[in-house]
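Only one structure is covered here, and it is reproduced in the block below.
Only a predicted model underlies this, so the values are computations on that prediction, with no experimental measurement involved.
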Amino acid sequence: MPYPLDAAAVRTWCGLALEALGRERERIDAINVYPVADGDTGTNLYLTLESAARAVEAAFDGHGSAGTQPDLAAAVGAMAHGALIGARGNSGTILAQLLRGMAQVLAAAPTGGSGAADALRRALRRAASAAYEAVAHPVEGTVLTVATAAADAAELSAAAGEAAEVARAAHQGAVKALRATPEQLAVLGQAGVVDAGGCGLVALLGALADALSGEVTAEPVAVQAGGPVPEAAGCAVTPPGADGCADPHVGGPAFEVIYLLEAGDADVARLRDRLDRLGDSLVVVGGDGLWNVHVHVDDAGAAVEAGIEAGRPYRIRITHFGAGPRAKEPALAPRAVVAVMPGAGLAALCADAGATPVTVRPGEPPASGELVQAIRQAHAREVMLLPNDPELRHTAAAAAEQARAEGVRVALIPTRSAVQGLAALAVHEPGRSFDQDMVAMTAAAGATRYAELAVAEHRSWTMAGVCQAGDVLGLIDGDVVVIGPDLARTAMTVLDRMLSAGGELVTLVLGADVPASLAEGLERHVRERHLAVDTVVYEGGAHAAPLLIGVE
């Protein structure tokens, strides 16, 4: 007996879809050859849907009295919003837009009968069109084609049917379209695989049909195709490049940049144009002031700066694809560095050095799952993990432990500040043994004293006395030691205290709103007051502290 199209069905749909993507994640990763063969489409789809499912659970938990549930509009709205803020990679970003398109129609849908069936048909059509609108340069033979085929099949289903029948028809149409994707996109045909994003959508639609019909079908066919894909291997096939098939992504952009953006429609339209000139694989999804931006570029800093000009970017993630040809299952590098960085400028600097940055905003520390995903994206047998914050030591330790369970050798370098992380990264040498590299990086971090300048938000007691709102606080190794009237004089006092114990190199990291003249003044101060001490200056970008100082 069909189930009503209500909030409970959405909750069940999320659960079944997570199970399906969890089962098929590795096989979907294995056939990921387009738009970039970085082997993470299944993982990105799973993490995106996991965020959507958490949002739906939160909607139920926050609804109130036991035995009641949110309405359909609240459930699909939560699902779409959760996917938007948690979208990962090109595939996850498109998935978020598909769910948003469905939510726009289902929010006002009746729960049963032909009315619900008709609403689901329109929701699937809106999802497909919204996804096409979000992609700068749509390509056939991808998840977009599969979504359109699902909508077409749904519209051809029985006019007076139930929503479950529509969902099942959409699923079957998607399966058929998925099998044809190698004939539509040359790179898929050369590799002998179907589209990875389309595989994920087939699994999602199969879960929707199961949720509405009550007939759970956990068959691998949800992400299989006929033709070149051997049944025993599911979606896993010969890697691109084998049997004379060339990898089409050699020479492509070096970085994947993703961030959430608070901005208006007009600003986002200008952002699209700018990012389209900077790189490729551009997908911008969202609306109502909140957007998820995804692009592949060579200049990660420029992509982030474009976001800053358009509005307020945050949860910035920059992934370095690595040098050399990219294969479907990327060759593991011998060793990599994953570093948590506060601010887009530091993250871009870290990425330029070949490390994988995890960018965070103040008050929004990364979860252990985000660090694990960054370790996976580094595609290395050995990883040096730099938390760069004493508050992240337990989170980083948990991430390291999980990554070790997956077969990655991880060293947790006890960095307590971004400047310690930069010092450790400067001496990183993959050619050394793992233990020697770990010791050298740990020693470099430990030999770097760190300071931070911040502005007091209210009157409070500190180790240096009572501060008033607006005072500049100078913190050395995490403790307030100076209270000053302005940034320049306080920074000079902090520098003199740090250099009184000796030092050869001063590192200054400027926040987004700090004038370059401050760095010039501090460099002059060090040169005049402390002989034989060099100074280097970096731009920290948005969300970094006004000033970070490192002394080695």
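- Distance check, rounded to the nearest 0.5 Å: CG of L84 to CG of L260 gives 6.5 Å.
- Looking only at distances, no side-chain donor or acceptor of E256 sits under 3.5 Å from a matching main-chain atom of I318.
- A distance-only check finds no donor-acceptor pair linking the side chain of H294 to the backbone of V284 [under 3.5 Å].
- Across every non-hydrogen atom of T41 and G197, the tightest pair is CG2-N, 3.8 Å.
- Applying the side-chain contact (heavy atoms from CB on, under 4.5 Å) rule to A353 yields the partners L425; only residues at least two apart in sequence or on another chain are considered.
- Applying the side-chain hydrogen bond (donor to acceptor under 3.5 Å, both in side chains) rule to R100 yields the partners D288; only residues at least two apart in sequence or on another chain are considered.
- The two atoms that bring L188 and P182 nearest to each other are CB-CA, 3.8 Å, heavy atoms only.
- Taken to the nearest 0.5 Å, the CD atom of Q184 stands 6.5 Å off from the OG1 atom of T181.
- Across T359 and I316, no two heavy atoms sit closer than the pair CB-O, 2.7 Å.
- Checked against side-chain hydrogen bond (donor to acceptor under 3.5 Å, both in side chains), R404 has the following partners two or more places apart in sequence or in another chain: E401.
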### Task
Please step through side-chain contact (heavy atoms from CB on, under 4.5 Å) for the pair S51 and I85, ending with a clear verdict.
CA-CA 8 Å; S51 179; I85 64 174; 4.1 Å; yes
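- For the pair V285 and W291, the minimum side-chain heavy-atom distance is 4.5 Å or more.
- Side-chain atoms of P253 and D280, non-hydrogen and from C-beta on, do get closer than 4.5 Å to each other.
- Here salt bridge (Lys or Arg N to Asp or Glu O under 4.0 Å) pairs that include residues 369-380, with residues two or more places apart or in two chains, are R317-E370, R376-E406.
- Between the side chains of S213 and R168, at least one donor N or O lies within less than 3.5 Å of an accepting N or O.
- Heavy-atom contacts from other residues, nucleotides or ligands closer than 6.0 Å to NE2 of H428 number more than 12.
- Sequence neighbours left out, not one pair with a member in residues 134-145 passes salt bridge (Lys or Arg N to Asp or Glu O under 4.0 Å).
- If you take CD1 on I31 and CG on D195, they are separated by 7.0 Å, rounding to the nearest 0.5 Å.
- Contact annotation: the side chain of E50 approaches that of L18 to within less than 4.5 Å [non-hydrogen atoms, C-beta and beyond].
- Using a 4.5 Å heavy-atom cutoff, the side chains of R381 and R409 are not in contact.
- A salt bridge between D276 and R272 is absent, with no side-chain N of the basic residue lying under 4.0 Å from a carboxylate O of the acidic one.
- Remark: A154 pairs with R121, L124, V166, A170 by the side-chain contact (heavy atoms from CB on, under 4.5 Å) rule, at least two apart or across chains.
- Applying the side-chain contact (heavy atoms from CB on, under 4.5 Å) criterion to T148, with sequence neighbours excluded, gives R125, A128, Y132, D152.
- Within the 4.5 Å cutoff, no side-chain heavy atoms of I28 are placed close to those of N32.
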### Task
Output, in order, the C-alpha distance, side-chain angles, deciding distance and verdict of side-chain contact (heavy atoms from CB on, under 4.5 Å) for M102 and L208.
CA-CA 12 Å; M102 292 188 70; L208 175 60; 4.3 Å; yes
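- Note that CD of E162 is 10.0 Å distant from CG of L212, once rounded to the nearest 0.5 Å.
- Between L271 and V293, the closest side-chain pair of non-hydrogen atoms falls below 4.5 Å.
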For a quick test of your reading: what N or O donor-acceptor pairs under 3.5 Å do the side chains of residues 6-14 make, sequence neighbours left out?
{"residue": "D6", "atom": "OD1", "partner": "A8", "partner atom": "N", "Å": "3.3"}
{"residue": "D6", "atom": "OD1", "partner": "A9", "partner atom": "N", "Å": "3.0"}
{"residue": "R11", "atom": "NE", "partner": "E57", "partner atom": "OE1", "Å": "3.3"}
{"residue": "R11", "atom": "NE", "partner": "E57", "partner atom": "OE2", "Å": "2.9"}
{"residue": "R11", "atom": "NH2", "partner": "E57", "partner atom": "OE1", "Å": "2.9"}
{"residue": "T12", "atom": "OG1", "partner": "A8", "partner atom": "O", "Å": "3.0"}
{"residue": "W13", "atom": "NE1", "partner": "L204", "partner atom": "O", "Å": "3.0"}

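- Between T43 and D29, the side chains place a donor N or O and an acceptor N or O closer than 3.5 Å (distance only, hydrogens not considered).
- Looking at every heavy atom in both residues, V139 comes nearest to Y34 through CG2-OH, 3.1 Å.
- Partners of T93 by side-chain hydrogen bond (donor to acceptor under 3.5 Å, both in side chains), not counting sequence neighbours: none found.
- Put simply, SG on C350 and CG on L386 are 7.5 Å apart, with the number rounded to the nearest 0.5 Å.
- Within the model, atoms CZ of R25 and CG of L47 stand 8.5 Å from one another, a figure rounded to the nearest 0.5 Å.
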Can you give me every donor-acceptor pair (side chain of residues 332-342, partner residue at least two apart or in another chain, under 3.5 Å) with its distance?
{"residue": "R335", "atom": "NE", "partner": "E382", "partner atom": "OE1", "Å": "2.9"}
{"residue": "R335", "atom": "NH1", "partner": "E429", "partner atom": "O", "Å": "3.4"}
{"residue": "R335", "atom": "NH1", "partner": "P430", "partner atom": "O", "Å": "3.4"}
{"residue": "R335", "atom": "NH1", "partner": "R432", "partner atom": "O", "Å": "3.0"}
{"residue": "R335", "atom": "NH1", "partner": "D437", "partner atom": "OD2", "Å": "3.3"}
{"residue": "R335", "atom": "NH2", "partner": "E382", "partner atom": "OE1", "Å": "3.0"}
{"residue": "R335", "atom": "NH2", "partner": "R432", "partner atom": "O", "Å": "2.9"}

### Task
Verify side-chain contact (heavy atoms from CB on, under 4.5 Å) between V146 and T142, making sure each step is shown before the conclusion.
CA-CA 7 Å; V146 176; T142 64; over 6 Å; no
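- N388 meets the side-chain hydrogen bond (donor to acceptor under 3.5 Å, both in side chains) test with T415; sequence neighbours excluded.
- Annotation: side chain of V257 is not in contact with side chain of H296 (no heavy-atom distance under 4.5 Å).
- Side-chain atoms of V283 and N90, non-hydrogen and from C-beta on, do get closer than 4.5 Å to each other.
- Looking at every heavy atom in both residues, T395 comes nearest to P366 through CG2-O, 3.5 Å.
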### Message
Quick one, R179 with V194, criterion side-chain contact (heavy atoms from CB on, under 4.5 Å). Give me CA distance, side-chain angles, the key distance, then yes/no.
### Response
CA-CA 6 Å; R179 289 174 176 155; V194 294; 5.5 Å; no
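- Every side-chain contact (heavy atoms from CB on, under 4.5 Å) that V105 has, sequence neighbours left out, goes to R122, A123, R126.
- Residues L261 and P313 share a closest heavy-atom pair of CD1-N, 3.7 Å.
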